Amino acid sequence: MNRIKQKLQEDHKLLSIYFTAGFPDIDDTEKIITDLEKSGVDFIEIGLPFSDPLADGPTIQESSTRALKNGMTTEKLFSQLKDIREKVEIPLIIMGYFNPMLQYGVEKFCKKCQECGIDGLIIPDLPVDVYHEDYKELFESYGLINVFLITPQTPDDRIRYIDSVSDGFIYMVSSASVTGSTSGFGEETRKYFKRIHDLNLNNPQIVGFGIKDQETFEQATEYAKGAIIGSAFIKHLEKHGVEKTSEFVENVKALT
Amino acid sequence: MNMSYQVDEKGYYGEFGGAFIPEMLYPNVEELRSRYLDIMKEESFQKEFKDLLRDYVGRPTPLYYAKRFSEKYGTKVYLKREDLCHTGAHKVNNTIGQILMAQKLGKKRIIAETGAGQHGVATATVCALMGMECIVYMGEIDIDRQAPNVARMKMLGAKVVPARSGSKTLKDATNEAIRDWINNPVDTHYIIGSVVGPHPYPDMVARFQAVISEEIQNQLQEKEGRKDPDYVVACVGGGSNAAGAYYHYLDNPEVGIIAVEAAGKGIDSGESAATSALGKTGIIHGSKTLLMQTGDGQITEPYSISAGLDYPGVGPMHANLFRSGRGEFISITDEAAMKAGLELAKLEGIIPAIETSHALAIFEGRKFEKDDIVVINLSGRGDKDLNTYIDYFNL
Ligand SMILES: Cc1ncc(COP(=O)(O)O)c(C=O)c1O
């Protein structure tokens, strides 16, 4: 069984962490992944850096620019992940934009993912209808789960459509924003979390965007199955380097 | 008529186009997609659009027979005078259309991207006209290079926001505008400046610019007793003035379509914006199109002396014209363009925008028959480029 699906069956709230591969240094990928697993994170999103990340705020943009300057490429990332399954069990997802995958060759990309033990993909600019028509069979034949986003503006019938195409979890974007917004969650957001919860979808929801600490994690997971932290962890890496990953995770998980 | 070079019902031109957008943009783009054609068909919309084009923009723009230029190159050349539009370029045809569209959609806030500042000025102008809030994203580097247009936008009441990400030029300004739209999904309309971006933008912008070829047909009928020229020539950055000039001729094989791209310092110099020669199929700003990129799929920074042609992609309509062979693509260096601009000034008393100068420069190498009728879309005037001309020629 796919490691993500297995993880989703566990009876607790899940914490996922995003980092940009190649940041702060080109060769940090393995250390960050192994440290995150040791710290008790539930799954990991590995960001494949892109020159023009449309859905990302300044923090992830900046880390992507730095990663590319450091020399990160699709091929390089796969070479770093080649033996990762000898070291970790944790579910791994690659998050990246579609153009680098298109250039690499979508099928070759999926094949490499499978060889490295990647469990799923998040591709913000691959729309659900294009995926459904052109890529679903391919992704599934390599054992990959593809994760779709929904936002507070997504109409209910589209959410149901996305739910029907999904097989794993739905990535619930917390607010109308790019990544890294820090405004916290108000009453509106809570209502949205509850509204989605009450739709009783087939796939569990994991909340992302704007989660930065223990408090926002708790709020996000009141109704949802879990939450994803990205920009806040990138900022932590920027400030403290790669040696203090467990501290960051402990702070988030303190009361859970 | 078989509209095979037009967009299909799924938003594609051949294999190019579509809407490769993050889900956050879906409600906005879908609202526009589901309504733009109906709104454009409304009588009240048509009337307002036409009235403003006539009374505010100054349309129809003349189709001028360039006698001395024609004599020099031994063929019959007409210039479609978009340089005489209010604000100095064709860009305003699109911003007039889109501001009316935004009003019909009930939007209160307008955002736009700009490179040279021409589209930013055209957007700020229509926002002033309609009393709407206007935010223009512009690369930090371009803000320094294009100070007069920044001042114009400010005079018109727009807020100019520097794009500081990536390479700090047009593509990054476009990224920032898209991010703004993600952050403001309800009350904001994004006025894209060319036939780029996710469907329905390329088609919508082309339809607003199509007034150019509609007028060419009428004017040529009057002057030559025939609606169709042998060739239509236009420069291509994103491709909006070209789309407008080609529009009514796309599916008429009797009319040759010539697209002129910026070769910068030469196609193989590493400093070029000749997307058809250097690009590969990829995705930029929500559209599948030809795109300059690294082997690893990272978007590269183009170069041209003209900021308006300095875009790493082309609109999907043009990608299809290139791939299908329907369009003839020519690239012109900085040097050849600058020379052609100066030549038009001397021969016809018209100082063209440097973007347009690229289209004028093809006559040195591309020969036409004596009785060919060649229409060049004179997309803009050169006032904004005076400093570049001054520096280049030590005027
Ligand atoms: C005068 C003029 N021509 C052409 C262009 C290029 O844009 P497009 O290819 O969309 O017509 C610009 C853009 O700023 C312009 O100002």
Side-chain angles (χ1 to χ4, degrees), chain A residues 48-58 60-62 64-65 68 71-77 96-105 109 122-130 133-134 148-155 158-159 162 170-173 175-181 183 209, chain B residues 10-12 17-31 163-188 197-199 280-289 291-301 312-313:
Chain A
L48 176 65
F50 182 48
S51 55
D52 295 76
L54 283 184
D56 286 300
I60 292 180
Q61 284 171 42
E62 184 56 32
S64 304
T65 305
L68 292 172
M72 184 49 74
T73 64
T74 308
E75 198 63 67
K76 177 92 191 159
L77 178 61
Y97 290 80
F98 196 41
N99 198 52
M101 301 175 192
L102 209 55
Q103 298 318 313
Y104 194 80
F109 190 91
I122 303 176
I123 311 167
D125 59 346
L126 176 61
V128 59
D129 43 332
V130 177
E133 266 179 45
D134 298 343
F148 294 101
L149 278 54
I150 62 171
T151 80
Q153 269 71 41
T154 313
R158 187 163 169 89
I159 293 177
I162 287 171
I170 289 175
Y171 192 133
M172 191 159 120
V173 177
S175 60
S177 76
V178 293
T179 54
S181 92
S183 45
F209 290 35
Chain B
K10 286 185 152 177
Y12 282 83
F20 292 80
I21 47 169
E23 189 61 31
M24 293 84 111
L25 283 178
Y26 178 82
N28 287 339
V29 172
E30 177 57 18
E31 178 185 34
R164 299 205 166 91
S165 57
S167 50
K168 304 180 177 65
T169 59
L170 177 58
K171 83 175 170 69
D172 310 284
T174 309
N175 292 341
E176 289 306 328
I178 291 173
R179 288 179 187 122
D180 179 308
W181 213 19
I182 288 174
N183 289 329
N184 297 282
V186 180
D187 66 340
T188 299
H199 178 67
K280 281 189 301 176
T281 302
I283 288 164
I284 183 170
H285 300 138
S287 180
K288 186 186 255 192
T289 190
L291 168 62
M292 289 168 58
Q293 53 188 314
T294 65
D296 203 41
Q298 308 297 339
I299 298 173
T300 51
E301 188 56 19

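Worth saying up front: this structure is predicted, and the values here are computed from it rather than measured. Lettering of chains follows the sequences in order, A, B, ..., and the numbering in each one begins at 1.
- For Ile178(B), the part lying near chain A is the side chain, with the backbone staying farther off; criterion is any non-hydrogen pair under 4.5 Å.
- For the side chain to side chain contact (heavy atoms under 4.5 Å, CB included) test, residues two or more places apart in sequence or in another chain that qualify with Lys76(A) are Ile26(A), Asp27(A), Met72(A), Thr73(A), Gln80(A).
- Within the 4.5 angstrom heavy-atom criterion, no atom of Pro58(A) approaches chain B.
- For chain A, no part of Leu25(B) is nearby; none of its heavy atoms comes within less than 4.5 Å.
- Contacts between Leu54(A) and chain B at a heavy-atom distance below 4.5 Å involve backbone atoms as well as side-chain atoms.
- Side-chain contact between Val186(B) and Gln153(A) is present, with at least one heavy-atom pair separated by less than 4.5 Å.
- Contacts between Ser167(B) and chain A at a heavy-atom distance below 4.5 Å are absent for every atom of the residue.
- Shown here for Ile299(B) and Phe50(A), the closest heavy-atom pair between the two residues is CD1-CZ, 3.8 Å.
- Residues passing the side chain to side chain contact (heavy atoms under 4.5 Å, CB included) test with Tyr26(B), sequence neighbours excluded: Arg158(A), Glu23(B), Glu30(B).
- Residue contact with chain B, scored on non-hydrogen atoms closer than 4.5 Å, is absent for Asp129(A).
- Using a 4.5 Å cut-off between heavy atoms, Gln61(A) contacts chain B through its side chain alone, with no backbone atom that close.
- Under the 3.5 Å distance criterion, the side-chain polar atoms of Asn99(A) are matched with a main-chain donor or acceptor of Gly297(B).
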